[in-house]
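For reference, the structure is listed below as structure tokens.
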Amino acid sequence: MSLEAARIVAGVMQKKHNAVLGLATGSTPVGMYRILADMNKSGEIDFSDVTTVNLDEYYPISPENDQSYRYFMNTNLFDHINIDKARTFVPDGSAKDPDEACRDYEKALKKVGKVGIQVLGIGQNGHIGFNEPAKNLEVLTHVTKLTKSTIKANARFFESEDDVPTKALTMGMGTILRSRKIIIMANGEAKKDAVAAMLKGTINTSCPASLLNLHKDVTLICDKAALGE
Ligand code: GLP
């Protein structure tokens with residue numbers, strides 16, 4: 001999975017200078033980041049002219065906190081490649097005014113231009129980024145409250161469930177769907193129901209990932225356990 005995803009991302013970078021990569025956190029893409037860093041070391045791909053935009057960040061959280069998505073991106077990718085960190089964007093989890101931070105993020109996204117490829121994971125409840133299942137989904141980057149199930153699922157990275165931030169800043173569904181190309185990665189049985197809901201052939205905001213059916217260039221990369229029947 002990691003190799004296949006890395007190949008697709010590298011292909012986008014090799015095809016176009018100044019590529020804009022949309023990146024995701026979570027355990028799923030970690031192997032892909034390792035391979036991309038190796039490909040960078042061996043000279044296969046060059047990040048010197050690349051811009052990255054991340055999907056989401058907890059709120060409130062400081063960028064130095066080792067559970068922040070900024071910290072995750074630095075340690076899993078940016079510290080190991082020849083990227084200019086000034087060209088790496090993650091929503092500001094330490095902003096005083098989170099709504100303003102979201103508006104600023106949309107402005108920054110407009111400035112960097114169209115995302116060439118957006119990498120996504122999927123939550124056990126079908127969320128992408130932190131767009132949680134709900135009656136209404138937001139179009140643009142916004143502040144969101146995490147569901148109990150997401151807090152529980154992400155507690156494994158924190159000392160206790162109480163330490164998981166209850167809010168996040170996330171790209172909206174429209175922000176995500178704007179990208180030219182999307183890959184979504186899922187592995188393990190825990191993702192089976194979410195993947196099934198996404199592939200069912202209907203679109204429902206109770207499975208935000210099902211909205212990806214509206215996009216014309218999405219690749220699902222998953223293992224047998226996540227694909228189920
Ligand atoms: C997190 C992130 C998502 C990620 C998902 C799955 O909460 N906000 O971007 O895709 O949950 O994480 P994991 O890959 O660890 O299963």
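Each ligand, and each atom within it, is numbered from 1 in the order the structure gives.
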Take a 6.0 Å sphere around NZ of K114 and say whether it holds more than 12 heavy atoms from other residues, nucleotides or ligands. yes
At what distance is the nearest protein heavy atom to atom 4 (C) of ligand 1, and which residue and atom is it? T25 O, 4.0 Å
Counting only heavy atoms, which portion of R156 has something under 4.0 Å from ligand 1: side chain, backbone, both, or neither? side chain
Tell me: protein heavy atom nearest atom 12 (O) of ligand 1, and distance? G26 CA, 3.9 Å
Side chains of S160 and D162, donor plus acceptor under 3.5 Å: no
Stepwise salt bridge (charged side-chain N to carboxylate O under 4.0 Å, His left out) check, R178 with E106: CA-CA 12 Å; R178 271 200 311 249; E106 282 290 333; 3.0 Å; yes
Indicate, as side chain, backbone, both or neither, the part of N154 found under 4.0 angstrom from ligand 1 when only non-hydrogen atoms are considered. side chain
D46 CG to H17 NE2 distance, which is reported to the nearest 0.5 Å: 9.0 Å
Before signing off on this row, confirm whether K191 and ligand 1 have an N or O atom pair separated by under 3.5 Å. yes
Taking heavy atoms and a distance under 4.0 Å, where does A24 meet ligand 1: side chain, backbone, both or neither? neither
Would you mind telling me if ligand 1 is within reach of the side chain of Y58, the backbone, both or neither, using heavy atoms under 4.0 Å? neither
F158: which residues meet the ring pair (Phe, Tyr, Trp, His ring centres under 6.0 Å) condition with it, sequence neighbours left out? Y58
Min over H127, M185, E132, Q124 of heavy-atom distance to atom 5 (C) of ligand 1 lands on H127
Does anything in residues 6-15 pair up under side-chain hydrogen bond (donor to acceptor under 3.5 Å, both in side chains), and if so which pairs, sequence neighbours excluded? E4-R7
Note: heavy atom closest to atom 6 (C) of ligand 1, options I128, I122, T28, belongs to I122
Could you tell me which atoms of ligand 1, counted from 1 in the order shown, lie closer than 4.0 angstrom to a heavy atom of G121? 10 (O)
Looking at K16, I'd like to know if its NZ atom is crowded, meaning that more than 12 non-hydrogen atoms belonging to other residues, nucleotides or ligands lie closer than 6.0 Å. yes
What about G129: any of its N or O atoms under 3.5 Å from an N or O on ligand 1? yes
How long is the span from the CG atom in N204 to the CG atom in L211, to the nearest 0.5 Å? 9.0 Å
Suppose I only count heavy atoms of Y69 and a 4.0 Å limit; which atoms of ligand 1 are within that range? 1 (C), 2 (C), 7 (O), 8 (N)
Below a 4.0 angstrom heavy-atom separation, can you tell me which part of D56, side chain or backbone, both or neither, approaches ligand 1? side chain
From CA spacing to verdict: salt bridge (charged side-chain N to carboxylate O under 4.0 Å, His left out), K111, D104: CA-CA 11 Å; K111 241 183 167 167; D104 288 347; over 6 Å; no
